[in-house]
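To start, the structure under review is shown below, and the notes come after it.
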Amino acid sequence: MDKPRVKVPQKVKAGEPFEVKVLISHTMESGQRTDEATGQKIPRMIINSFTCKLDGEVVFSATLHPAVSANPYLAFYVVADKSGELEFVWVDDSGDTATATRTIEVT
Amino acid sequence: MRGTVIIVGALGLAMAAAIAPVAEDFGVHAVDGRRSGYTYAAAETRAMQDDEFANPGYIWVEKGAELWQRTGGESGQACASCHQAAADSMRGVGARYPVFAPELGKLINLEQRINQCRSERMNAAPWPWESESLLAMTTYVRHQSRGMPVSPVVDGPAAPFFAAGKTLYHTRRGQLDMACIHCHEMNSGNMLRAQRLSQGMSNGFPTYRLKWQTMGSLHRRIIGCDKDVRAETFAAGADAYVNLELYLAWRARGLPVETPAVRN
Amino acid sequence: MIHTPLPKACFTRRRLLQQTVAVWAMTLPALPLAADSPAVQAAIDAIIGDRDAESGELSLTTPAIAENGNTVPIAVAAGGRFTADDYVEAIHILAPGNPVPEVVSFHFTPRSGYARAATRIRLAETQDVIAIAELSDGRVWRTANEVKVTIGGCGG
(Lines give C-alpha, C1' and ligand atoms only; values in the text may rest on other atoms or scores of the structure.)
Protein backbone atom coordinates (compact mmCIF):
# COMPACT_ATOMS: atom_id res chain seq x y z
CA MET A 1 0.00 0.00 0.00
CA ASP A 2 1.11 3.54 -0.70
CA LYS A 3 2.01 6.15 1.85
CA PRO A 4 -1.23 7.37 3.46
CA ARG A 5 -2.24 11.00 3.89
CA VAL A 6 -3.00 12.10 7.45
CA LYS A 7 -4.20 15.45 8.72
CA VAL A 8 -4.02 16.29 12.42
CA PRO A 9 -3.61 19.69 14.09
CA GLN A 10 -0.01 20.34 15.12
CA LYS A 11 -1.04 21.72 18.49
CA VAL A 12 -4.12 20.65 20.42
CA LYS A 13 -5.66 21.67 23.71
CA ALA A 14 -5.64 19.19 26.58
CA GLY A 15 -8.98 17.42 26.90
CA GLU A 16 -10.48 19.04 23.79
CA PRO A 17 -11.45 16.66 20.97
CA PHE A 18 -9.75 17.43 17.65
CA GLU A 19 -10.59 16.16 14.17
CA VAL A 20 -8.37 13.67 12.37
CA LYS A 21 -8.67 13.01 8.62
CA VAL A 22 -7.01 10.14 6.79
CA LEU A 23 -6.92 9.18 3.11
CA ILE A 24 -5.17 6.24 1.50
CA SER A 25 -4.78 5.01 -2.06
CA HIS A 26 -6.53 1.64 -2.55
CA THR A 27 -8.83 0.29 -5.27
CA MET A 28 -11.15 -1.39 -2.69
CA GLU A 29 -11.96 -4.17 -5.16
CA SER A 30 -15.44 -5.16 -4.04
CA GLY A 31 -15.52 -8.77 -5.23
CA GLN A 32 -18.69 -7.92 -7.17
CA ARG A 33 -17.04 -6.97 -10.44
CA THR A 34 -16.43 -9.26 -13.40
CA ASP A 35 -13.30 -9.19 -15.52
CA GLU A 36 -14.63 -8.36 -19.01
CA ALA A 37 -11.82 -10.28 -20.71
CA THR A 38 -12.17 -13.58 -18.84
CA GLY A 39 -15.74 -13.47 -17.53
CA GLN A 40 -14.36 -14.36 -14.09
CA LYS A 41 -15.26 -12.50 -10.92
CA ILE A 42 -12.45 -10.25 -9.74
CA PRO A 43 -11.60 -11.41 -6.19
CA ARG A 44 -12.38 -9.10 -3.31
CA MET A 45 -9.39 -7.08 -2.13
CA ILE A 46 -10.27 -4.29 0.27
CA ILE A 47 -8.85 -2.52 3.28
CA ASN A 48 -10.95 -4.19 5.98
CA SER A 49 -9.73 -2.44 9.08
CA PHE A 50 -8.34 0.85 10.26
CA THR A 51 -7.06 1.59 13.76
CA CYS A 52 -5.91 4.80 15.40
CA LYS A 53 -3.85 4.52 18.61
CA LEU A 54 -2.62 7.24 20.93
CA ASP A 55 0.56 6.19 22.77
CA GLY A 56 -0.31 2.54 22.11
CA GLU A 57 -3.94 2.73 23.26
CA VAL A 58 -6.73 2.29 20.69
CA VAL A 59 -8.79 5.49 20.52
CA PHE A 60 -10.80 4.87 17.34
CA SER A 61 -11.16 2.04 14.84
CA ALA A 62 -13.28 1.17 11.84
CA THR A 63 -14.37 -2.04 10.14
CA LEU A 64 -14.63 -1.53 6.40
CA HIS A 65 -16.76 -3.55 3.97
CA PRO A 66 -16.71 -3.56 0.14
CA ALA A 67 -19.13 -0.61 -0.02
CA VAL A 68 -16.49 1.82 1.20
CA SER A 69 -15.37 3.83 -1.84
CA ALA A 70 -11.98 3.44 -3.51
CA ASN A 71 -9.21 5.47 -1.87
CA PRO A 72 -10.90 5.35 1.54
CA TYR A 73 -11.34 8.61 3.39
CA LEU A 74 -12.12 8.70 7.11
CA ALA A 75 -12.66 11.61 9.48
CA PHE A 76 -13.10 11.19 13.24
CA TYR A 77 -12.24 12.76 16.59
CA VAL A 78 -9.56 12.11 19.19
CA VAL A 79 -8.95 13.67 22.61
CA ALA A 80 -5.53 13.87 24.29
CA ASP A 81 -4.45 14.96 27.77
CA LYS A 82 -0.74 15.15 27.07
CA SER A 83 1.61 15.27 24.10
CA GLY A 84 2.08 11.92 22.45
CA GLU A 85 2.23 9.89 19.30
CA LEU A 86 -0.73 8.97 17.13
CA GLU A 87 -0.33 5.75 15.16
CA PHE A 88 -2.56 4.82 12.22
CA VAL A 89 -2.75 1.30 10.76
CA TRP A 90 -4.64 0.11 7.68
CA VAL A 91 -4.92 -3.64 6.95
CA ASP A 92 -6.18 -5.15 3.69
CA ASP A 93 -7.50 -8.62 2.76
CA SER A 94 -4.01 -9.85 1.81
CA GLY A 95 -2.72 -8.93 5.28
CA ASP A 96 -0.74 -6.05 3.81
CA THR A 97 -0.54 -3.07 6.14
CA ALA A 98 0.18 0.62 5.88
CA THR A 99 1.13 2.71 8.88
CA ALA A 100 1.63 6.35 9.66
CA THR A 101 2.57 8.20 12.82
CA ARG A 102 2.11 11.80 13.89
CA THR A 103 3.36 13.53 16.99
CA ILE A 104 0.86 15.85 18.60
CA GLU A 105 1.77 18.61 20.98
CA VAL A 106 -0.74 19.26 23.74
CA THR A 107 -0.82 22.78 25.14
CA MET B 1 -61.06 43.77 -5.08
CA ARG B 2 -57.99 45.94 -5.27
CA GLY B 3 -56.42 43.77 -2.57
CA THR B 4 -56.99 40.69 -4.68
CA VAL B 5 -55.38 42.31 -7.69
CA ILE B 6 -52.36 43.35 -5.63
CA ILE B 7 -52.00 39.88 -4.18
CA VAL B 8 -52.31 38.25 -7.57
CA GLY B 9 -49.89 40.79 -8.98
CA ALA B 10 -47.41 40.08 -6.21
CA LEU B 11 -47.79 36.37 -6.77
CA GLY B 12 -47.17 36.87 -10.45
CA LEU B 13 -43.98 38.77 -9.69
CA ALA B 14 -42.84 36.13 -7.25
CA MET B 15 -43.46 33.42 -9.81
CA ALA B 16 -41.68 35.36 -12.52
CA ALA B 17 -38.71 35.72 -10.19
CA ALA B 18 -38.73 31.98 -9.56
CA ILE B 19 -38.95 31.11 -13.23
CA ALA B 20 -36.61 33.72 -14.70
CA PRO B 21 -33.09 32.39 -15.19
CA VAL B 22 -31.05 33.76 -12.33
CA ALA B 23 -27.56 34.78 -13.37
CA GLU B 24 -25.59 32.42 -11.16
CA ASP B 25 -22.27 33.51 -9.78
CA PHE B 26 -19.70 30.86 -10.55
CA GLY B 27 -16.80 33.00 -9.38
CA VAL B 28 -13.51 32.15 -11.01
CA HIS B 29 -14.99 28.98 -12.52
CA ALA B 30 -16.66 30.85 -15.39
CA VAL B 31 -15.27 33.42 -17.82
CA ASP B 32 -17.33 35.15 -20.52
CA GLY B 33 -19.92 32.36 -20.56
CA ARG B 34 -17.29 29.63 -20.62
CA ARG B 35 -18.03 27.37 -17.67
CA SER B 36 -15.70 24.91 -15.99
CA GLY B 37 -17.14 21.44 -15.37
CA TYR B 38 -16.98 22.53 -11.71
CA THR B 39 -20.10 24.64 -12.27
CA TYR B 40 -22.06 21.58 -13.41
CA ALA B 41 -20.94 19.35 -10.52
CA ALA B 42 -23.09 18.57 -7.46
CA ALA B 43 -22.40 20.54 -4.27
CA GLU B 44 -20.85 17.47 -2.61
CA THR B 45 -18.53 16.93 -5.57
CA ARG B 46 -17.46 20.59 -5.54
CA ALA B 47 -16.84 20.38 -1.79
CA MET B 48 -14.71 17.28 -2.35
CA GLN B 49 -12.58 19.16 -4.89
CA ASP B 50 -12.26 22.30 -2.76
CA ASP B 51 -11.05 20.49 0.37
CA GLU B 52 -7.38 19.84 -0.39
CA PHE B 53 -7.38 16.99 2.08
CA ALA B 54 -10.64 15.28 1.14
CA ASN B 55 -9.84 15.64 -2.59
CA PRO B 56 -8.55 12.16 -3.53
CA GLY B 57 -6.64 13.67 -6.47
CA TYR B 58 -4.02 14.87 -4.00
CA ILE B 59 -2.90 11.25 -3.59
CA TRP B 60 -1.51 11.60 -7.12
CA VAL B 61 -0.11 15.07 -6.44
CA GLU B 62 1.87 13.61 -3.54
CA LYS B 63 3.00 10.59 -5.57
CA GLY B 64 4.16 12.99 -8.27
CA ALA B 65 6.11 15.04 -5.73
CA GLU B 66 7.95 11.87 -4.66
CA LEU B 67 8.67 10.84 -8.24
CA TRP B 68 9.98 14.33 -8.97
CA GLN B 69 12.85 13.65 -6.57
CA ARG B 70 13.42 10.02 -7.54
CA THR B 71 16.31 9.17 -9.85
CA GLY B 72 15.49 6.95 -12.80
CA GLY B 73 17.26 5.27 -15.69
CA GLU B 74 20.97 5.14 -16.37
CA SER B 75 21.58 8.85 -16.00
CA GLY B 76 21.13 8.74 -12.24
CA GLN B 77 19.11 11.91 -12.55
CA ALA B 78 15.71 12.92 -11.25
CA CYS B 79 13.38 15.58 -12.62
CA ALA B 80 14.61 17.79 -9.79
CA SER B 81 18.23 17.43 -10.99
CA CYS B 82 17.51 19.77 -13.91
CA HIS B 83 14.29 21.49 -12.92
CA GLN B 84 14.94 21.98 -9.16
CA ALA B 85 11.78 23.04 -7.33
CA ALA B 86 8.69 22.30 -9.37
CA ALA B 87 6.80 25.10 -7.62
CA ASP B 88 9.08 27.56 -9.46
CA SER B 89 10.16 25.78 -12.62
CA MET B 90 6.80 24.20 -13.53
CA ARG B 91 4.56 27.11 -12.57
CA GLY B 92 2.55 28.09 -15.64
CA VAL B 93 3.64 25.09 -17.72
CA GLY B 94 0.39 23.20 -17.29
CA ALA B 95 -1.59 26.32 -18.19
CA ARG B 96 -0.10 26.59 -21.68
CA TYR B 97 0.34 22.97 -22.82
CA PRO B 98 0.12 21.40 -25.36
CA VAL B 99 2.77 23.39 -27.26
CA PHE B 100 4.47 23.21 -30.65
CA ALA B 101 7.72 21.21 -30.40
CA PRO B 102 10.13 22.31 -33.17
CA GLU B 103 12.26 19.19 -32.80
CA LEU B 104 9.19 17.04 -33.57
CA GLY B 105 7.52 19.35 -36.06
CA LYS B 106 4.22 18.87 -34.25
CA LEU B 107 2.49 19.47 -30.92
CA ILE B 108 3.59 17.80 -27.71
CA ASN B 109 1.45 17.53 -24.59
CA LEU B 110 2.45 17.27 -20.95
CA GLU B 111 2.46 13.48 -20.76
CA GLN B 112 4.61 13.30 -23.89
CA ARG B 113 7.02 15.96 -22.63
CA ILE B 114 7.48 14.06 -19.37
CA ASN B 115 8.25 10.87 -21.29
CA GLN B 116 10.53 12.77 -23.67
CA CYS B 117 12.53 13.91 -20.64
CA ARG B 118 12.62 10.37 -19.31
CA SER B 119 13.88 8.77 -22.50
CA GLU B 120 16.18 11.54 -23.76
CA ARG B 121 17.54 13.11 -20.58
CA MET B 122 17.26 10.38 -17.99
CA ASN B 123 17.82 7.31 -20.20
CA ALA B 124 14.79 5.85 -18.47
CA ALA B 125 11.93 3.85 -19.95
CA PRO B 126 8.95 6.05 -20.80
CA TRP B 127 5.93 5.49 -18.57
CA PRO B 128 2.93 3.80 -20.25
CA TRP B 129 -0.07 6.02 -20.87
CA GLU B 130 -2.50 6.02 -17.92
CA SER B 131 0.08 4.33 -15.67
CA GLU B 132 0.04 5.51 -12.06
CA SER B 133 3.47 7.10 -12.48
CA LEU B 134 2.60 9.06 -15.62
CA LEU B 135 -0.72 10.18 -14.11
CA ALA B 136 1.01 11.21 -10.89
CA MET B 137 3.74 13.21 -12.63
CA THR B 138 1.30 14.87 -15.05
CA THR B 139 -1.01 15.75 -12.15
CA TYR B 140 1.90 17.07 -10.07
CA VAL B 141 3.25 19.24 -12.89
CA ARG B 142 -0.14 20.63 -13.88
CA HIS B 143 -1.03 21.22 -10.23
CA GLN B 144 1.82 23.76 -10.10
CA SER B 145 -0.38 25.98 -12.32
CA ARG B 146 -3.51 25.52 -10.20
CA GLY B 147 -5.57 28.71 -10.31
CA MET B 148 -3.69 30.16 -13.27
CA PRO B 149 -5.74 30.89 -16.39
CA VAL B 150 -5.56 28.35 -19.22
CA SER B 151 -3.60 30.23 -21.89
CA PRO B 152 -2.45 28.13 -24.86
CA VAL B 153 -0.60 29.53 -27.86
CA VAL B 154 -2.66 28.69 -30.96
CA ASP B 155 -1.00 30.83 -33.62
CA GLY B 156 2.42 30.67 -35.29
CA PRO B 157 3.68 27.13 -35.87
CA ALA B 158 0.82 25.74 -33.72
CA ALA B 159 -1.83 27.16 -36.07
CA PRO B 160 -2.25 24.20 -38.46
CA PHE B 161 -2.48 21.76 -35.53
CA PHE B 162 -5.00 23.98 -33.80
CA ALA B 163 -7.02 24.01 -37.04
CA ALA B 164 -6.88 20.21 -37.22
CA GLY B 165 -8.12 19.95 -33.63
CA LYS B 166 -10.92 22.40 -34.37
CA THR B 167 -11.94 20.35 -37.40
CA LEU B 168 -12.04 17.13 -35.38
CA TYR B 169 -14.17 18.89 -32.74
CA HIS B 170 -16.73 19.75 -35.41
CA THR B 171 -16.61 16.46 -37.35
CA ARG B 172 -19.49 14.00 -37.03
CA ARG B 173 -18.13 10.58 -36.08
CA GLY B 174 -19.25 7.12 -35.09
CA GLN B 175 -22.47 5.19 -35.51
CA LEU B 176 -24.37 7.96 -33.72
CA ASP B 177 -22.93 10.44 -36.22
CA MET B 178 -22.19 13.07 -33.59
CA ALA B 179 -19.50 15.68 -33.17
CA CYS B 180 -18.17 17.08 -29.88
CA ILE B 181 -20.11 20.25 -30.59
CA HIS B 182 -23.47 18.47 -30.46
CA CYS B 183 -23.23 17.65 -26.76
CA HIS B 184 -20.86 20.28 -25.45
CA GLU B 185 -22.03 23.41 -27.26
CA MET B 186 -25.47 22.85 -28.77
CA ASN B 187 -26.76 20.93 -25.74
CA SER B 188 -24.56 21.96 -22.84
CA GLY B 189 -26.76 22.56 -19.82
CA ASN B 190 -29.38 20.09 -21.06
CA MET B 191 -29.94 16.71 -19.44
CA LEU B 192 -28.66 13.45 -20.90
CA ARG B 193 -30.70 11.04 -18.77
CA ALA B 194 -29.87 12.12 -15.21
CA GLN B 195 -26.68 13.89 -16.15
CA ARG B 196 -26.30 17.53 -17.11
CA LEU B 197 -24.11 17.98 -20.17
CA SER B 198 -21.18 20.27 -19.49
CA GLN B 199 -19.30 22.44 -21.92
CA GLY B 200 -16.58 19.80 -22.00
CA MET B 201 -13.87 22.05 -20.58
CA SER B 202 -10.45 20.50 -20.06
CA ASN B 203 -9.12 22.79 -17.31
CA GLY B 204 -9.39 20.19 -14.51
CA PHE B 205 -7.44 17.33 -16.13
CA PRO B 206 -6.00 14.99 -15.08
CA THR B 207 -9.21 14.62 -13.11
CA TYR B 208 -10.34 12.36 -10.29
CA ARG B 209 -13.56 10.94 -11.69
CA LEU B 210 -16.13 9.41 -9.35
CA LYS B 211 -17.19 7.02 -12.09
CA TRP B 212 -13.61 5.80 -12.55
CA GLN B 213 -12.84 5.98 -8.82
CA THR B 214 -9.37 7.03 -9.84
CA MET B 215 -7.39 9.69 -11.62
CA GLY B 216 -7.59 9.80 -15.40
CA SER B 217 -6.06 11.68 -18.32
CA LEU B 218 -7.90 13.96 -20.75
CA HIS B 219 -7.26 11.44 -23.52
CA ARG B 220 -8.93 8.68 -21.49
CA ARG B 221 -11.96 10.94 -21.15
CA ILE B 222 -12.04 11.73 -24.88
CA ILE B 223 -11.81 8.01 -25.66
CA GLY B 224 -14.89 7.61 -23.44
CA CYS B 225 -16.73 10.24 -25.49
CA ASP B 226 -15.72 8.50 -28.72
CA LYS B 227 -17.04 5.19 -27.39
CA ASP B 228 -20.30 6.91 -26.38
CA VAL B 229 -20.94 7.95 -29.96
CA ARG B 230 -19.71 4.52 -31.07
CA ALA B 231 -16.78 5.91 -33.01
CA GLU B 232 -13.45 4.24 -33.66
CA THR B 233 -11.16 5.62 -30.98
CA PHE B 234 -7.63 6.87 -31.45
CA ALA B 235 -4.92 5.65 -29.11
CA ALA B 236 -4.19 7.85 -26.11
CA GLY B 237 -1.41 10.19 -27.16
CA ALA B 238 -2.35 10.05 -30.86
CA ASP B 239 -1.62 13.23 -32.82
CA ALA B 240 -5.35 13.69 -33.50
CA TYR B 241 -6.08 13.83 -29.75
CA VAL B 242 -3.15 16.14 -29.01
CA ASN B 243 -4.43 18.51 -31.70
CA LEU B 244 -7.90 18.29 -30.18
CA GLU B 245 -6.36 18.89 -26.75
CA LEU B 246 -4.99 22.23 -28.01
CA TYR B 247 -8.42 23.21 -29.36
CA LEU B 248 -10.02 22.21 -26.04
CA ALA B 249 -7.42 24.28 -24.18
CA TRP B 250 -8.36 27.27 -26.34
CA ARG B 251 -12.05 26.68 -25.58
CA ALA B 252 -11.13 26.72 -21.87
CA ARG B 253 -8.93 29.83 -22.19
CA GLY B 254 -9.14 32.03 -19.12
CA LEU B 255 -10.60 29.32 -16.92
CA PRO B 256 -8.41 28.39 -13.96
CA VAL B 257 -6.35 25.21 -14.01
CA GLU B 258 -8.16 23.07 -11.42
CA THR B 259 -5.95 19.97 -11.44
CA PRO B 260 -6.73 17.80 -9.59
CA ALA B 261 -10.43 18.44 -10.26
CA VAL B 262 -13.15 16.07 -9.01
CA ARG B 263 -15.87 15.24 -11.51
CA ASN B 264 -18.75 12.82 -11.92
CA MET C 1 -61.07 41.98 -13.17
CA ILE C 2 -58.38 39.44 -13.71
CA HIS C 3 -59.32 37.04 -10.98
CA THR C 4 -62.51 35.02 -11.18
CA PRO C 5 -62.97 32.98 -8.04
CA LEU C 6 -64.14 29.44 -8.58
CA PRO C 7 -67.67 28.70 -7.44
CA LYS C 8 -67.69 27.07 -4.03
CA ALA C 9 -69.11 23.86 -5.30
CA CYS C 10 -67.67 22.78 -8.58
CA PHE C 11 -68.29 19.13 -9.07
CA THR C 12 -66.68 18.61 -12.40
CA ARG C 13 -65.35 15.12 -12.80
CA ARG C 14 -61.76 16.32 -12.78
CA ARG C 15 -62.20 18.37 -9.65
CA LEU C 16 -63.91 15.50 -7.87
CA LEU C 17 -61.01 13.25 -8.78
CA GLN C 18 -58.47 15.81 -7.52
CA GLN C 19 -60.29 16.15 -4.23
CA THR C 20 -60.61 12.43 -3.81
CA VAL C 21 -56.92 11.91 -4.37
CA ALA C 22 -56.07 14.74 -2.00
CA VAL C 23 -58.28 13.35 0.74
CA TRP C 24 -56.95 9.84 0.21
CA ALA C 25 -53.38 11.14 0.43
CA MET C 26 -54.13 12.98 3.67
CA THR C 27 -55.65 9.94 5.29
CA LEU C 28 -52.84 7.56 4.38
CA PRO C 29 -51.38 6.02 7.51
CA ALA C 30 -47.67 6.52 8.09
CA LEU C 31 -46.12 3.85 5.93
CA PRO C 32 -44.39 1.10 7.86
CA LEU C 33 -40.70 0.62 7.05
CA ALA C 34 -40.26 -1.62 4.07
CA ALA C 35 -39.67 -5.20 5.14
CA ASP C 36 -35.96 -5.93 5.25
CA SER C 37 -34.51 -8.83 3.26
CA PRO C 38 -33.15 -11.78 5.29
CA ALA C 39 -29.56 -10.65 4.75
CA VAL C 40 -30.40 -7.12 5.90
CA GLN C 41 -32.44 -8.36 8.86
CA ALA C 42 -29.57 -10.64 9.86
CA ALA C 43 -27.12 -7.75 9.68
CA ILE C 44 -29.40 -5.56 11.82
CA ASP C 45 -30.05 -8.37 14.31
CA ALA C 46 -26.32 -8.99 14.62
CA ILE C 47 -25.97 -5.42 15.90
CA ILE C 48 -29.18 -4.79 17.82
CA GLY C 49 -30.06 -8.30 19.04
CA ASP C 50 -33.33 -8.14 20.96
CA ARG C 51 -32.89 -4.53 22.03
CA ASP C 52 -35.38 -1.80 21.06
CA ALA C 53 -33.98 0.90 18.79
CA GLU C 54 -35.04 4.51 19.43
CA SER C 55 -34.35 7.45 17.13
CA GLY C 56 -32.32 9.07 19.94
CA GLU C 57 -29.70 11.71 19.23
CA LEU C 58 -28.35 10.15 16.09
CA SER C 59 -27.94 12.13 12.89
CA LEU C 60 -26.93 10.83 9.50
CA THR C 61 -25.93 13.34 6.83
CA THR C 62 -26.23 12.20 3.22
CA PRO C 63 -26.92 13.91 -0.10
CA ALA C 64 -30.58 13.62 -1.16
CA ILE C 65 -29.37 12.78 -4.64
CA ALA C 66 -25.98 11.17 -5.13
CA GLU C 67 -24.24 12.45 -8.25
CA ASN C 68 -22.47 9.12 -8.52
CA GLY C 69 -23.21 5.95 -6.54
CA ASN C 70 -19.50 5.09 -6.45
CA THR C 71 -18.60 7.88 -4.08
CA VAL C 72 -21.32 9.15 -1.76
CA PRO C 73 -20.09 11.33 1.10
CA ILE C 74 -21.73 10.53 4.45
CA ALA C 75 -21.31 11.79 8.01
CA VAL C 76 -22.71 10.57 11.32
CA ALA C 77 -22.95 12.13 14.77
CA ALA C 78 -24.47 10.73 17.94
CA GLY C 79 -24.97 12.36 21.33
CA GLY C 80 -22.57 14.88 22.82
CA ARG C 81 -19.21 14.98 24.52
CA PHE C 82 -18.12 11.59 25.89
CA THR C 83 -17.34 10.89 29.53
CA ALA C 84 -15.34 7.88 30.77
CA ASP C 85 -18.45 5.78 31.36
CA ASP C 86 -21.07 7.43 29.14
CA TYR C 87 -20.22 7.30 25.46
CA VAL C 88 -21.20 5.84 22.10
CA GLU C 89 -19.42 2.55 21.47
CA ALA C 90 -20.12 2.21 17.78
CA ILE C 91 -22.04 3.53 14.79
CA HIS C 92 -22.79 1.07 12.00
CA ILE C 93 -23.79 2.03 8.46
CA LEU C 94 -25.95 -0.36 6.43
CA ALA C 95 -27.06 -0.11 2.79
CA PRO C 96 -29.97 -2.57 2.36
CA GLY C 97 -29.99 -2.09 -1.42
CA ASN C 98 -26.36 -3.18 -1.83
CA PRO C 99 -25.17 -6.74 -2.57
CA VAL C 100 -23.59 -6.73 0.91
CA PRO C 101 -25.64 -4.66 3.38
CA GLU C 102 -22.79 -3.90 5.81
CA VAL C 103 -20.91 -0.75 4.76
CA VAL C 104 -18.74 0.44 7.63
CA SER C 105 -18.64 0.32 11.43
CA PHE C 106 -16.99 3.08 13.45
CA HIS C 107 -15.80 1.99 16.90
CA PHE C 108 -15.36 4.76 19.44
CA THR C 109 -13.73 4.89 22.88
CA PRO C 110 -13.96 7.54 25.60
CA ARG C 111 -10.71 8.84 24.01
CA SER C 112 -12.60 9.63 20.80
CA GLY C 113 -14.31 12.52 22.56
CA TYR C 114 -17.23 12.60 20.17
CA ALA C 115 -19.19 10.02 18.17
CA ARG C 116 -18.61 11.83 14.91
CA ALA C 117 -17.26 10.28 11.74
CA ALA C 118 -17.33 10.79 7.99
CA THR C 119 -16.42 8.67 4.98
CA ARG C 120 -17.44 7.97 1.36
CA ILE C 121 -19.49 4.96 0.37
CA ARG C 122 -20.83 3.02 -2.62
CA LEU C 123 -24.57 2.72 -3.19
CA ALA C 124 -25.79 0.31 -5.85
CA GLU C 125 -29.24 1.92 -6.18
CA THR C 126 -31.66 4.36 -4.61
CA GLN C 127 -32.27 3.19 -1.04
CA ASP C 128 -32.65 4.06 2.64
CA VAL C 129 -29.19 4.15 4.17
CA ILE C 130 -29.39 3.02 7.82
CA ALA C 131 -27.27 4.18 10.75
CA ILE C 132 -27.34 2.34 14.09
CA ALA C 133 -25.57 3.61 17.20
CA GLU C 134 -24.72 1.43 20.19
CA LEU C 135 -24.30 3.26 23.48
CA SER C 136 -22.16 2.27 26.44
CA ASP C 137 -25.29 1.83 28.59
CA GLY C 138 -26.72 -0.72 26.14
CA ARG C 139 -29.21 1.56 24.44
CA VAL C 140 -29.51 1.56 20.64
CA TRP C 141 -30.35 4.46 18.36
CA ARG C 142 -31.38 4.03 14.76
CA THR C 143 -32.07 6.38 11.86
CA ALA C 144 -32.23 6.22 8.07
CA ASN C 145 -31.99 8.57 5.09
CA GLU C 146 -33.13 7.98 1.57
CA VAL C 147 -30.41 8.57 -1.01
CA LYS C 148 -31.43 8.67 -4.65
CA VAL C 149 -28.77 7.25 -6.94
CA THR C 150 -28.90 8.53 -10.50
CA ILE C 151 -27.73 6.86 -13.66
CA GLY C 152 -25.41 9.10 -15.62
CA GLY C 153 -25.95 9.71 -19.30
CA CYS C 154 -22.33 9.38 -20.32
CA GLY C 155 -20.90 5.91 -20.43
CA GLY C 156 -17.51 7.48 -21.16
Side-chain angles (χ1 to χ4, degrees), chain A residues 7-9 12-24 26-34 41 44 46-82 84 86-87 90 104 106, chain C residues 39-40 43 46-47 61 66-84 87-125 127 129-130 134 147 149:
Chain A
K7 188 179 183 182
V8 294
V12 300
K13 283 190 176 156
E16 279 199 16
F18 56 92
E19 192 176 29
V20 176
K21 295 177 179 179
V22 297
L23 181 66
I24 188 165
H26 200 283
T27 55
M28 295 295 278
E29 191 59 58
S30 68
Q32 302 289 333
R33 295 198 314 146
T34 304
K41 266 210 167 168
R44 182 185 123 150
I46 65 165
I47 289 174
N48 56 52
S49 94
F50 167 79
T51 307
C52 171
K53 292 179 180 177
L54 175 56
D55 290 334
E57 184 194 350
V58 175
V59 291
F60 171 86
S61 66
T63 309
L64 286 68
H65 298 278
V68 173
S69 303
N71 307 312
Y73 166 80
L74 290 166
F76 54 93
Y77 280 79
V78 174
V79 61
D81 293 328
K82 56 182 173 56
L86 281 169
E87 183 189 14
W90 292 255
I104 49 159
V106 171
Chain C
V40 175
I47 300 163
T61 307
E67 186 164 48
N68 190 298
N70 282 336
T71 313
V72 184
I74 66 156
V76 287
R81 182 78 163 81
F82 290 175
T83 64
Y87 63 100
V88 177
E89 287 180 343
I91 299 179
H92 311 271
I93 304 297
L94 301 170
N98 278 9
V100 177
E102 294 91 347
V103 175
V104 65
S105 293
F106 304 114
H107 306 283
F108 306 99
T109 69
R111 285 250 158 255
S112 307
Y114 287 119
R116 293 183 191 169
T119 189
R120 304 196 277 245
I121 69 171
R122 293 166 171 156
L123 296 176
E125 59 185 29
Q127 56 186 290
V129 175
I130 300 169
E134 293 184 272
V147 180
V149 177

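Computed from heavy atoms alone, side chains included, the values below leave out hydrogens, waters and symmetry copies. Chain identifiers are assigned alphabetically (A, B, ...) following the order of the sequence lines, protein sequences preceding nucleic acid strands; residue numbering begins at 1 within each chain. Owing to the predicted nature of the structure, the values given are computational and were not obtained by experimental measurement.
In this structure, the side chain of Asn48(A) does not engage the main chain of Leu64(A) through any donor-acceptor pair within 3.5 Å. At least one donor-acceptor pair under 3.5 Å links the side chain of Ser69(A) to the backbone N or O of Ile121(C). Put simply, the side chain of Thr119(C) gets close to the backbone of Tyr73(A): a donor and an acceptor are under 3.5 Å apart.
For Pro110(C), the part lying near chain A is the backbone, with the side chain staying farther off; criterion is any non-hydrogen pair under 4.5 Å. If you measure heavy-atom distances from Ala70(A) to chain C, the contacts under 4.5 Å come from both the backbone and the side chain. In this structure, the portion of Asn70(C) lying under 4.5 Å from any heavy atom of chain A is its backbone and not its side chain.
The greatest number of non-hydrogen atom pairs below 4.5 Å with chain A, out of Ala115(C), Ser105(C), Ala75(C), Pro99(C), is found for Ser105(C). Taking chain A as the reference chain and counting heavy-atom pairs below 4.5 Å, the highest number among Ala117(C), Gly113(C), Ala118(C), Ala95(C) is found for Ala118(C). Between chain C and the options Gly15(A), Ser30(A), Pro17(A), Ala67(A), the largest number of non-hydrogen pairs under 4.5 Å is found for Ala67(A). Comparing Asn98(C), Val104(C), Ile91(C), Ile93(C) by how many heavy-atom pairs each has under 4.5 Å with chain A, the most go to Val104(C).
For the ring pair (Phe, Tyr, Trp, His ring centres under 6.0 Å) test, residues two or more places apart in sequence or in another chain that qualify with Phe60(A) are Phe76(A), Phe108(C).
Residues in residues 52-81 of chain A take part in these salt bridge (Lys or Arg N to Asp or Glu O under 4.0 Å) pairs, two or more places apart or across chains: Asp55(A)-Lys82(A), Asp81(A)-Arg111(C).
Separating the CH2 atom in Trp90(A) from the CD1 atom in Ile47(A) is a distance of 8.0 Å, to the nearest 0.5 Å.
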